[in-house]
Amino acid sequence: QVQLVESGGGLVQAGGSLRLSCAASGRTVSNYAMAWFRQAPGKEREFVAAITWSGTGKYYADSVKDRFLISRDNTKNTLYLQTNRLKPEDTAVYYCASTNLGGYWPTNYYRQTTYTYWGQGTQVTVSS
């Protein structure tokens, strides 16, 4: 079993930055594809970014492309999301997620159902 714990959220002014982290425990996630999703109040959870197990492949939602950067450190069993030039519409709870198939890249990387393990989320609030 894998446990995921997000951290790094907070309150930031528009234009600011935050670095979110997702620490995995229980077993290594170094060979699993992982992703970030977010859920704003009153809205459905949506895909933000995904990364291959090696870290060489990265995919983003259009709304965050060129502002957010997903990365991972497999030696630390940790996933990151660097969020830059934040906007009020980025306000949401951010969740990290992991698949459970080693060395596999899911074609449906943007779907919630692709991922087996989820964290509890970290709140990001962007003020205007």
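We use all heavy atoms of the structure for the numbers below, so side chains are in, but hydrogens, waters and symmetry mates are not.
- To the nearest 0.5 angstrom, Ser17 atom OG is 11.5 Å from Leu69 atom CG.
- Using a distance-only test at 3.5 Å, with no hydrogens or angles considered, a donor-acceptor pair links the side chain of Asn77 to the main chain of Val29.
- Here the straight-line distance linking atom CD1 of Ile51 with atom OG of Ser98 works out to 12.0 Å at 0.5 Å rounding.
- Separation of atoms CD (Gln82) and OG (Ser71) is listed at 8.0 Å; rounding is to 0.5 Å.
- Between Asp66 and Arg85, the closest side-chain pair of non-hydrogen atoms falls below 4.5 Å.
- In this structure, Lys76 and Thr78 approach most closely via the heavy-atom pair O-OG1, 2.8 Å.
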Output a table of donor-acceptor pairs, distance under 3.5 Å, between side-chain atoms of residues 101-113 and any protein atom two or more places apart or on a different chain; print 'none' if there are none.
residue	atom	partner	partner atom	Å
Asn108	OD1	Tyr110	OH	3.4
Gln112	NE2	Arg45	O	3.4

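- Among pairs with a residue in residues 89-108, those fulfilling salt bridge (charged side-chain N to carboxylate O under 4.0 Å, His left out) read Arg38-Asp90, Arg67-Asp90, at least two apart in sequence or across chains.
- A side-chain contact (heavy atoms from CB on, under 4.5 Å) with Leu18 is found for one member of Asn84, Val124, Leu81 and no other, namely Val124.
- Pairs passing the ring pair (Phe, Tyr, Trp, His ring centres under 6.0 Å) check and including a residue from residues 64-96, sequence neighbours excluded, do not occur.
- A pairwise comparison of heavy atoms in Ile70 and Met34 identifies CD1-O, 4.4 Å as the closest pair.
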Please list, one pair per line, the donor and acceptor atoms closer than 3.5 Å that link side chains of residues 1-12 to other protein atoms, with sequence neighbours excluded.
residue	atom	partner	partner atom	Å
Glu6	OE1	Gln120	N	3.1
Glu6	OE1	Gly121	N	2.8
Glu6	OE2	Cys96	N	2.9
Glu6	OE2	Gly121	N	3.2

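- Atom OG of residue Ser128 and atom NZ of residue Lys87 lie 14.0 Å apart, to the nearest 0.5 angstrom.
- At a threshold of 4.5 Å between non-hydrogen side-chain atoms, the residues Leu20 and Thr122 count as touching.
- Every residue meeting the side chain to side chain contact (heavy atoms under 4.5 Å, CB included) condition with Lys65, not counting sequence neighbours, appears here in chain and number order: Tyr60, Asp62.
- The same ILVMFWY cluster, assembled from side-chain heavy atoms under 4.5 Å apart, contains both Tyr32 and Val48.
- A chain of hydrophobic side-chain contacts below 4.5 Å, direct or via other Ile, Leu, Val, Met, Phe, Trp or Tyr residues, connects Tyr117 to Trp36.
- The two residues Ala92 and Gln123 make their nearest non-hydrogen contact at O-NE2, 3.4 Å.
- Every residue two or more places apart in sequence or in another chain that forms a side-chain hydrogen bond (donor to acceptor under 3.5 Å, both in side chains) with Ser30 is listed here: Thr28.
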